[in-house]
Amino acid sequence: MRTIIEPFRIKSVEPLTYTSREEREGYLEAAGYNLFLIEARHILIDLLTDSGTSAMSTEQWAAVMRGDESYAGSESFFRLRRVAEALTGFRHIIPTHQGRAAERILFTVLTKPGHVVPSNTHFDTTRANIEFTGARAVDLPIPEAADTQARLDFKGNMDAAALEALIAREGAAKIPLVMLTITNNSGGGQPVSMANIEAVKRVASRHGIPLYLDACRFAENAWFIREREAGYVDWTPKQIAQKMFSLADGCTFSAKKDAFANIGGFLCTNDDRLAQQETNLLILTEGFPTYGGLAGRDLDAIAVGLEEILHPDYLRYRIASTGYLGRHIADRGVPIVEPPGGHAIYIDAARMLPHIPAHQFPGQALAVELYRHAGIRSVEIGSVMFGAAARHELLRLAIPRRVYTQSHIDYVVEAVLEVNARKRDIRGLEIAEEPPFLRHFSARFRPL
Ligand code: F0G
């Protein structure tokens with residue numbers, strides 16, 4: 001059989017609510033044309049993010065009931081630690097309430113003004129947490145990643161030669177760690193090859209610099225390696241993930257992505273002294289080291305999710321279904337970041353709407369139009385989010401895990417193609433009000 005089906009059946013359902021075009025027009029106006037400010041009950045299909053929006057399995061819900069809510073020494077923590085240790089091999093597993101909490105603790109301990117932290121591409125919370133300590137976050141993607149249309153197997157890779165040059169320029173003493181984001185979210189959800197992780201590790205080790213993984217989507221990355229990189233086709237996703245982690249000295253992780261959890265994360269290291277400092281900070285803001293800002297039931301849900309996510313049937317379906325959305329719109333003329341990534345499809349809004357200049361926010365204009373037309377929520381990743389630093393004007397359609405079926409995705413395909421057919425009528429926007437930072441969350445717009 002060639003048909004790829006959802007490898008699950010549905011036991012509990014959440015009704016969707018339809019709205020009329022007139023209603024959506026009113027909601028848009030009231031929200032200042034910012035989809036973050038629209039109430040979720042007015043959204044039909046929500047592709048804002050794949051983070052914390054996944055569906056938990058029956059086994060995860062059962063684990064929730066097993067959660068041990070003891071303040072200290074909870075059995076839930078030990079269950080999570082056993083699974084996370086077996087997967088990552090790291091000696092210290094420090095739970096946090098989500099990924100950015102792990103980032104904040106890591107950078108508070110490791111970075112200071114004058115430091116530089118290179119990555120293939122930093123996610124925005126990672127960048128913000130680095131910059132908050134006075135250090136500089138530097139992106140070193142491979143040059144080919146600049147072309148949204150280039151179809152490379154591992155377009156999320158870091159430019160290892162550029163890393164070598166950066167270390168030569170800045171001096172290793174100023175670089176407390178090198179990071180690799182797998183998969184590369186800001187770079188289109190593109191994977192990083194094992195060969196690239198090994199190459200970056202070699203460069204970093206030669207200079208005595210630790211390598212960290214931002215491992216949010218480690219399982220999707222492992223599947224791409226199995227499918228695309230020579231030598232891994234007989235490996236299980238778990239074996240590939242174990243090898244990826246074995247090349248790193250530590251990791252940050254948001255369990256809201258590749259652990260099917262609605263909340264949670266952790267920070268890992270093999271360095272005992274560092275772990276002690278991190279744990280001290282954890283107690284200050286997150287909580288005791290055996291719960292780290294989470295309920296015992298959350299720790300148990302993550303423990304089960306970390307194993308489920310590596311199931312080959314799930315990963316095959318996951319990557320195929322993201323590709324299905326990508327191919328069905330791209331092969332009918334909608335420019336996307338090629339090839340389709342793991343967790344999302346990114347429409348190249350600058351290329352699709354060449355009549356809207358960057359300062360009139362083509363990605364945002366497209367997000368607004370897709371909501372107006374079909375009740376679909378997506379997110380701009382371009383000049384609204386990054387200001388003048390934006391390299392592309394993208395619209396991200398992020399796919400929550402195990403939530404939407406193929407017919408939902410067919411509806412999204414139809415909506416995107418209909419919007420594309422009359423794209424010349426889409427107008428840009430101007431900013432009416434904006435906060436001093438992270439403006440995409442709360443800025444208000446006016447249509448032009
Ligand atoms: N790193 C990456 C690569 C991410 O994609 C995210 C979150 C984080 C770190 C932070 O994790 O949200 O648990 O604090 N990405 C979400 C997104 C928000 O929509 O892509 P968090």
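We count ligands from 1, going down the list as the structure has it; atoms in each ligand are counted the same way. In this text, all values refer to a predicted model and were calculated from it rather than measured experimentally. Any value given below was found using the heavy atoms of this structure, including those in side chains, with hydrogens, waters and symmetry copies removed.
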Inset, instruction - Mind checking the SG-CD1 spacing from Cys251 to Ile93? Nearest 0.5 Å is all I need. - result: 7.0 Å
Inset, instruction - Would you mind checking if Arg316 and Asp313 are paired as a salt bridge, meaning a charged N to carboxylate O distance below 4.0 Å? - result: yes
Legend entry - Near-ring test Tyr71/Tyr291, centroid separation under 6.0 angstrom: yes
Inset, instruction - Could you tell me whether Glu308 and Arg401 have a side-chain N and a carboxylate O separated by less than 4.0 Å? - result: no
Inset, instruction - Sort out the contact shell of ligand 1: every protein residue with a heavy-atom distance below 4.0 Å, listed by chain and number. - result: Thr49, Ser51, Gln98, Gly99, Arg100, Glu103, Phe123, Thr125, Thr181, Asn185, Asp214, Cys216, Arg217, Ser254, Lys256, Lys257, Arg396
Legend entry - Test: Glu75 and Arg82 ion pair at under 4.0 Å: yes
Inset, instruction - Verify whether the ring centers belonging to Tyr27 and Tyr371 lie closer than 6.0 Å. - result: no
